Amino acid sequence: MGSRATITVRAPAKVNLQLAVGAPAADGFHPLATVFQAVGLYDEVTAVHAPAGTFTCEVSGVDAASVPTDSRNLAVRAARALLAAVGPETGSRLGVHLSIRKQIPVAGGMAGGSADAAAALLACDTLWDLHLDRSQLLDLAAGLGSDVPFSLLGGTAVGMGRGDRLTPALGRGSWHWVLLVSTGSLSTPTVYDELDRLRAGRVVLEPRVSEQLMQALRSGDPTALGASLHNDLQHAAVSLRPELDHLLELVHAAEPAGALVSGSGPTVAVLAEDEQHAAELAVALADAPGVGRVLRASGPVPGCRVVDQGVRRVGS
Ligand code: C5P
C-alpha cells in the first residue's frame, strides 16, 4: 500500500451583471466593460501526482459527457501552462491527473470551463509546491481565457480589456439568484460573431461600466440592481436561440427584481428580492419550456479555494 497527495479546489460559477461589448479589435477580440459576480454553484477539481510529462483528466457530474478529456480540456491546458511557466528543470519532473466534478452548466454562459481552468491552476500550484504569487497565477489565467482570472478572484468585480483586467467592486449584502439552465448550449465565439453581424454598419460605442449599476450594488437594493442589469450579448443569444425570447417573457411575467441572459448564454439569471422570493420564483419557473435545471445560488462568493488537502491511499 502507498499513498499520494491529493488537492481539491472548488471554483464558483459567475453571472455578468453588466456585459458591455465594444467593436472587435484587430485580433478579433472585443473590448469589454463587465461586472462579474461569483455565485454559489461550484465545480471541483482534484489533482493527484502522475508520472513526469503525464497530463490526464476525467470528468464526472452534470453534462460530463460533453466535456473533452484530452488536451483540449481547459483544466489540462492550465496544468501544462503552469509547468511551462516554471521552466523545464522543474517542469520536466512533474505530471498530474485531474478529476473534475461538474455542477456548472457546460457552455451555459456561467464560465464553467474557466472555473475548471482556474481550479486546476490553484490545485497544481499547491500539489507541486510551486507557490507562484497571485499576480503570476492571474497572468497565466488570462492567457487561458477571458473569464479565468475572475474565477480565481471571485466576489464582485469590474472586468475591463477582455474581462481579465479586474478591480473588486464595492457592494453590500447577498444577492439571490435563480438560474434557468437551458437544455441546450451556446458557443461563445458564435455569439460574439452573431453580435457583430447584428451590429454591422452601426457605430459601436466604447464599452463603459454603468454608474447606475455600481450605485445599485452599493445600495444593496435588489430592485435597483434588477433595473440596472444589462447584457449586450443577450440580443445575439436570442437571435441564435429565439426560444429564449419566450422564456424571458415568462420570467418577466413572474415579476423578478430583474433578469438577463448570463454571459453568452443560454442560461438565464433571474434576480430575486430575497431568499423567500427566490424560492417562489424557482417554483413558478420550474416547468418553463427549454429549461433543464432550475438552480438557486447566492452571490457574491469567494473565488477558487483549496477545500481538501490530503493523502489518498492507493493499492500496493
Ligand atoms: O476568452 P474566451 O476563451 O472565453 O473566449 C472565447 C471566444 O469568445 C474567443 O475566442 C472569441 O472568439 C470570443 N471573445 C471575444 N471577445 C472577448 C472574449 C471572448 O471575441 N472579449
Side-chain angles (χ1 to χ4, degrees), residues 11-38 43 63 66-68 70-82 100 102 104-121 137-154 157-167 185-200 202 204-209 230-237 239-241 260-267 269 303-304:
K14 59 85 187 171
V15 293
N16 300 82
L17 311 180
Q18 184 199 356
L19 182 46
V21 181
D27 63 3
F29 272 83
H30 298 71
L32 305 180
T34 188
V35 181
F36 294 106
Q37 181 161 97
D43 280 1
D63 299 338
S66 56
V67 179
D70 56 20
S71 57
R72 286 170 300 163
N73 187 289
L74 207 50
V76 171
R77 280 167 43 200
R80 285 183 183 278
L82 183 60
I100 303 171
K102 294 211 64 73
I104 306 173
V106 175
M110 299 196 70
S114 301
D116 301 346
L121 280 179
L137 283 180
L138 285 169
D139 282 352
L140 278 174
L144 291 161
S146 311
D147 294 337
V148 185
F150 176 71
S151 192
L152 281 176
L153 182 74
V158 172
M160 302 298 292
R162 292 182 180 185
D164 55 333
R165 289 196 345 245
L166 296 169
T167 315
S185 61
L186 273 172
S187 134
T188 302
T190 308
V191 177
Y192 275 100
D193 287 349
E194 180 67 2
L195 180 68
D196 292 341
R197 194 186 67 79
L198 292 168
R199 299 203 296 203
R202 284 208 244 140
V204 177
L205 298 178
E206 279 288 303
R208 297 172 68 142
V209 171
H230 182 79
N231 179 2
D232 280 351
L233 289 181
Q234 178 162 315
H235 188 198
S239 168
L240 292 166
R241 299 275 306 265
L260 82 177
V261 167
S262 177
S264 55
T267 304
C304 285

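On a predicted model such as this, the values are computed, not experimentally measured, just so you know. Starting from 1, each residue takes its place in the sequence as its number. As the structure lists them, so they are numbered: ligands from 1, and atoms in each ligand from 1.
In this structure, the side chains of P207 and L32 stay at 4.5 Å or more apart for every pair of heavy atoms. Taking 4.5 Å as the limit, every side-chain heavy atom of T167 sits out of range of all side-chain heavy atoms of M160. In this structure, V67 and I100 have side chains that are not in contact, with every pair of non-hydrogen atoms separated by 4.5 Å or more. Taking the side chain as every heavy atom from C-beta outward, L233 and V21 approach each other to under 4.5 Å.
No side-chain donor-acceptor contact under 3.5 Å links T34 to the backbone of G159.
The side-chain contact (heavy atoms from CB on, under 4.5 Å) with F150 is formed by just one residue from the set N16, L166, L138, D164; it is L166.
A distance limit of 4.0 angstrom between heavy atoms and ligand 1 selects the residues G28, F29, H30, L32, G145, S146, R162, T188, P189, Y192.
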